[in-house]
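Structure first, then comments.
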Protein chains: 2
Amino acid sequence: MTGSAVEGTTRIQARNRQAILEAGLDVFSQHGFRGATLDQIAGEAGLSKPNVLYYFASKEAIYAALLERLLDTWLAPLAALDPDGEPEDEILGYVRRKLVMSRDYPRESRLFANEILQGAPRIGEILGTDLRVMVDDKAAVIRGWAADGKIADVEPHHLIFSIWALTQHYADYDVQVRAVLGGADPFPQAEAFLVHLYRRTIAPGPPSGRERT
Amino acid sequence: MTGSAVEGTTRIQARNRQAILEAGLDVFSQHGFRGATLDQIAGEAGLSKPNVLYYFASKEAIYAALLERLLDTWLAPLAALDPDGEPEDEILGYVRRKLVMSRDYPRESRLFANEILQGAPRIGEILGTDLRVMVDDKAAVIRGWAADGKIADVEPHHLIFSIWALTQHYADYDVQVRAVLGGADPFPQAEAFLVHLYRRTIAPGPPSGRERT
DNA sequence: CGTGCCTTTGACCGAATGGTCAAATCGGCA
DNA sequence: TGCCGATTTGACCATTCGGTCAAAGGCACG
């Protein structure tokens, strides 16, 4: 062995754990926790079922590991929203980062969607505490921008929800989007549309599009 | 028996079939097809498992019946978009109708979401044919409005996607929305926000919010 | 009140599920 | 090369799964 006795992470351990998580992400994101089977995960990872359980104590443990790894990176784009930046740049930057995540990590988005659809039994508490704190924090920033007249007076929470909904839609409903559009890559057009939509939505001015005479 | 020999739908048949579909909607919308179990559906419907299979040939048949019943009503709001109406009224009306459906039929929205997340194995073909035809049709209408300068020049397909994403988000991610917002009913604020967003997005004028000098 | 069909269910089946365990194999180091 | 822990697996287990079936129960009508 190479590593020390305390830090017991062999090369082969890292590789197999990674393969299991990769396979688990595939299966869980498509069928949810209850719909996924260990045999399927093992098969996709190229390991036998007992071998999978040698690296993870249970099906639940694989799922938990995936969720934990996900939550870390999932909120990073929102955390990067800078209170001292230019409002429009900050919000459009957030939209772009989230859209790129939907394009590059669609399975992670679907895994999250599945967990929420099931009622968030495992991450419900985190949603009501950690997530809520961060969203409230960023919402306050956005509210400040609105109060200063730098952007339109929109409800910040729903603005954030809308960014989640619009960007994750291109990951979660990818099959539907491509079925309707045909074969072409939806993301370039999606980005152009979302930039238009958010420039218009947050531009300072009267609350509605029907301009006053 | 009361009904004729040909029209064999007893009162009790209608009641039990309805109870099974109701229970199936609950379970399938939460756990997806593979994650749902007949025992759970039977228990929730107040019937024994063999009795459930007396009314539906298989688990698959219950799921199929739900999907078929869903597809009929799911696209009705889009079909109601009137090419001869006032563009802003038509689009905002569509948004409102879809939002009401998310509020009143969240389980149906989640059932649909689950099917799409699984890769739409059962309705994939419909998406690429019937749905696509209808969306293309409505997209042409919207494109015409844009060409006439009645609304902004937005890509119509992505405009429709955005309406789906924003409205269904309040059904599919209801748990998350409520966890972040607290106990209050999100829908009144959601409607106000969406009306603002779409008024701004489709208002005629320059493509972006950064006004020219 | 009895007959015939609709409805319900207990018992059961084979397959798949998550998980266990002891034994076999592997891989690196002395 | 031989050793020892890390790794892998075949066999197995209890439970749950979707589904079957024959028998029992219920209901409306003559």
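FYI, side chains are in, hydrogens and waters are out, and symmetry mates aren't considered; it's all heavy atoms of this structure. Everything quoted here is computed from the prediction, not taken from an experiment.
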Which side-chain N or O atoms in residues 130-139 of chain A pair as donor and acceptor under 3.5 Å with protein atoms at least two apart or in another chain?
unit_1: A:R132; atom_1: NE; unit_2: B:V180; atom_2: O; d: 3.2
unit_1: A:D136; atom_1: OD1; unit_2: A:H157; atom_2: NE2; d: 2.8
unit_1: A:K138; atom_1: NZ; unit_2: A:A79; atom_2: O; d: 3.3
unit_1: A:K138; atom_1: NZ; unit_2: A:L81; atom_2: O; d: 2.9

List the atom pairs, with distances to 0.1 Å, where a side-chain N or O of residues 103-112 of chain A and a protein N or O form a donor-acceptor pair under 3.5 Å, not counting sequence neighbours.
unit_1: A:R107; atom_1: NH1; unit_2: A:E22; atom_2: OE2; d: 3.0
unit_1: A:R107; atom_1: NH1; unit_2: A:D26; atom_2: OD1; d: 2.6
unit_1: A:R107; atom_1: NH2; unit_2: A:E22; atom_2: OE2; d: 2.8
unit_1: A:S109; atom_1: OG; unit_2: A:D172; atom_2: OD1; d: 2.7
unit_1: A:R110; atom_1: NE; unit_2: A:A171; atom_2: O; d: 3.1
unit_1: A:R110; atom_1: NH2; unit_2: A:A171; atom_2: O; d: 3.4

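Formation of a donor-acceptor pair under 3.5 Å by the B:R34 side chain with backbone atoms of A:H31 is not found in this model. Side chain of A:D153 to main chain of A:A146: no donor-acceptor pair is present (N/O by atom type, distance under 3.5 Å, no hydrogens or angles). For the pair B:S162 (side chain) and B:L159 (backbone), a donor-acceptor distance under 3.5 Å is present. Side chain of A:E155 to main chain of A:H158: a donor-acceptor pair is present (N/O by atom type, distance under 3.5 Å, no hydrogens or angles). Under the 3.5 Å distance criterion, the side-chain polar atoms of A:E191 are left unmatched by any main-chain donor or acceptor of A:R96.
Residue pairs satisfying the ring pair (Phe, Tyr, Trp, His ring centres under 6.0 Å) criterion with at least one member in residues 11-30 of chain A, sequence neighbours excluded, are listed as follows: A:F28-A:F33, A:F28-A:Y63.
Ring orientation note: the planes of A:Y170 and B:F161 are nearly perpendicular, at an angle over 60° on the 30°/60° scale.
Remark on the helix from C:dC1-D:dG30 to C:dA30-D:dT1: inter-end axis angle 0°, axes from five-pair C1' superpositions, rounded to 10°.
For residues 43-55 of chain B, proximity to DNA chain D is found at B:K49, B:P50, B:L53, defined as any non-hydrogen atom under 4.0 angstrom from a strand atom. Contacts between residues 23-41 of chain A and DNA chain D, counted as heavy-atom distances below 4.0 Å, involve no residue at all.
A close approach under 4.0 Å does not occur between any side-chain nitrogen or oxygen of B:Q13 and OP1 or OP2 of C:dC6.
Between A:E60 atom CD and C:dT17 atom P the separation is 18 Å, expressed in whole Å. Between the CZ atom of A:R11 and the P atom of C:dG27 there is a distance of 12 Å, given to the nearest Å.
Between A:W145 and A:G85, the closest heavy-atom pair is CZ2-O, 4.2 Å.
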